[in-house]
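Chain A is the first sequence line, chain B the second, and so forth, proteins listed ahead of strands; every chain is numbered from 1. Bear in mind that the values here come from a model prediction, so they are computed numbers and not experimental data.
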There are 2 protein chains.
Amino acid sequence: MVELDRCEINCIHDEAVKAVRQALFGEDVAVSLAELFKALGDPTRVKILFSLMTRELCVCDLTAVIGISESAVSHQLRVLRTLRLVKFRREGKILYYSLADDHIEKLFAQGLDHVTEDKAEKNEE
Amino acid sequence: MVELDRCEINCIHDEAVKAVRQALFGEDVAVSLAELFKALGDPTRVKILFSLMTRELCVCDLTAVIGISESAVSHQLRVLRTLRLVKFRREGKILYYSLADDHIEKLFAQGLDHVTEDKAEKNEE
DNA sequence: GTTATATATGAACATCTGTTCATATGTACT
DNA sequence: AGTACATATGAACAGATGTTCATATATAAC
């Protein structure tokens with residue numbers, strides 16, 4: 001947190017700023033949160049996660065479901081693994097991926113809520 | 001949806017793929033969801049939104065709270081506005097921004113859940 | 001050991017993203 | 001009209017991101 005005791009500009013509501021700054025979580029939390037959402041912020045990864053909401057799948061299955069290269073899927077799975085959004089179990093040569101926990105489903109549900117509500121609101125496109 | 005009647009590779013679980021493909025939402029929904037999450041996937045925007053969870057603030061306030069340039073804040077507010085995550089009201093020259101609806105708070109709550117749970121799990125860093 | 005299959009990974013490259021800087025818009029006041 | 005202030009916006013540029021291609025693992029079967 002950069003401690004700016006007073007900003008040059010003068011339209012500032014001092015008490016509000018002070019209060020909010022105190023309520024604001026730390027830089028690390030903001031970054032972690034952003035990383036999580038960023039991981040969810042790609043169509044390919046959204047499809048992967050949504051696919052895994054139905055059942056566990058191997059990399060090949062995901063390739064077939066989503067329709068992109070195995071390498072691309074694998075790379076994206078790594079991102080999701082790093083952020084603990086998916087886990088996997090090995091069975092011979094095949095790796096079965098599944099969702100790491102149920103947070104993702106709840107996040108998706110909330111997200112879909114917002115998206116569909118938007119669609120209804122603007123009523124077009 | 002690209003209709004690939006059969007993939008060349010042969011580790012595929014046909015029924016699973018078929019079932020998941022049918023359950024999978026359309027390309028447009030995936031993209032919309034990804035766009036929403038992508039908007040939440042940046043530390044600056046996370047801070048802006050979290051700040052607005054406390055109370056409505058003008059651009060200057062946000063600049064002071066977060067500690068980045070007014071222009072940067074303004075650009076990010078545009079992103080958030082476009083995705084209907086924030087709204088604003090004018091009072092003279094000052095624009096007061098606030099959260100567009102309560103979805104964001106719920107999304108943040110879920111996200112924080114995941115992040116803090118992760119932290120506890122790996123128990124380090 | 002070799003070969004085949006399933007997946008992972010590194011490098012390369014084009015595209016996207018966020019900030020900065022300069023400039024424009026809109027509102028209030030004189 | 002003009003000036004000042006709050007915010008928006010466009011261009012530019014560095015850094016991040018996602019895919020492809022080639023190559024490397026890991027397991028199974030021979």
Return the 5'-most residue of the pair A:G92, A:I68 with respect to DNA chain D, ranking by each residue's nearest nucleotide.
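Its nearest nucleotide lies further toward 5', so the answer is A:I68.
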Quick one: is D:dT19 close enough that its OP1 or OP2 comes under 4.0 Å of any side-chain N or O from A:S69?
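For A:S69, the contact criterion (side-chain N or O under 4.0 Å from OP1 or OP2 of D:dT19) is not met.
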Would you indicate, yes or no, if D:dA6 has its OP1 or OP2 atom less than 4.0 angstrom from a side-chain nitrogen or oxygen of B:R90?
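No, no such contact exists.
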If each of A:V73 and B:G41 is mapped to the nucleotide of DNA chain C with the nearest heavy atom, which maps nearer the 5' terminus, i.e. the 5' end?
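Whichever sits nearer the 5' end wins; that is A:V73.
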Whichever of A:K93 and A:S74 has its nearest DNA chain C nucleotide further upstream toward 5':
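Nearest-nucleotide comparison on DNA chain C picks A:K93.
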No-H, no-angle donor-acceptor pair, B:S71 side chain to C:dT19 base, under 3.5 Å:
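It does not, because no donor-acceptor pair links the side chain of B:S71 to the base of C:dT19 below 3.5 Å.
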Taking atom types as they are modelled, would you say the side chain of A:H75 forms a donor-acceptor pair with the base of D:dT17 within the 3.5 Å cutoff?
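Check fails, no donor-acceptor contact within cut-off.
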In whole angstrom, give the distance that lies between atom [atom1] of [X] and atom [atom2] of [N].
| X | N | atom1 | atom2 | value |
| --- | --- | --- | --- | --- |
| A:L95 | D:dT27 | CG | P | 9 Å |
| B:H13 | C:dT7 | NE2 | P | 9 Å |
| A:I12 | D:dT7 | CD1 | P | 10 Å |
| A:E70 | D:dA26 | CD | P | 16 Å |
| A:E56 | C:dT7 | CD | P | 12 Å |
| A:L40 | D:dT17 | CG | C1' | 16 Å |
| B:Q76 | C:dC16 | CD | P | 17 Å |
| A:R78 | C:dA11 | CZ | C1' | 12 Å |

Decide side chain to side chain contact (heavy atoms under 4.5 Å, CB included) for A:D61 and A:Y97; before the verdict, give the C-alpha distance in whole Å, the side-chain angles of both, and the deciding distance to 0.1 Å.
CA-CA 10 Å; A:D61 291 341; A:Y97 278 85; over 6 Å; no
Where the side chain of [X] is concerned, which of [options] is the nearest nucleotide?
| X | options | result |
| --- | --- | --- |
| A:R45 | D:dG18, C:dT7, D:dT20 | D:dG18 |
| A:A72 | C:dA8, D:dT19, D:dA6 | D:dT19 |
| A:I94 | C:dG26, C:dT7, D:dA8 | C:dT7 |

Regarding B:E56 and B:R89, does a basic nitrogen lie under 4.0 Å from an acidic carboxylate oxygen?
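Result for this pair is yes, salt bridge flagged.
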From B:L80 CG over to B:T44 OG1, what is the distance, rounded to the nearest 0.5 angstrom?
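Reported value, rounded in 0.5 Å steps: 10.0 Å.
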Supply the atom-to-atom distance A:F50 CZ to A:L99 CG, rounded to the nearest 0.5 angstrom.
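Nearest 0.5 Å value for the CZ-CG distance: 10.5 Å.
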Show, in sequence, the C-alpha distance, side-chain angles and deciding distance for B:K106 and A:K106, and conclude whether the side chain to side chain contact (heavy atoms under 4.5 Å, CB included) test is met.
CA-CA 10 Å; B:K106 290 182 191 163; A:K106 291 182 191 162; over 6 Å; no
Base, sugar-phosphate or nothing for A:Y97? Non-hydrogen atoms, less than 4.0 Å.
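Result for A:Y97 = sugar-phosphate.
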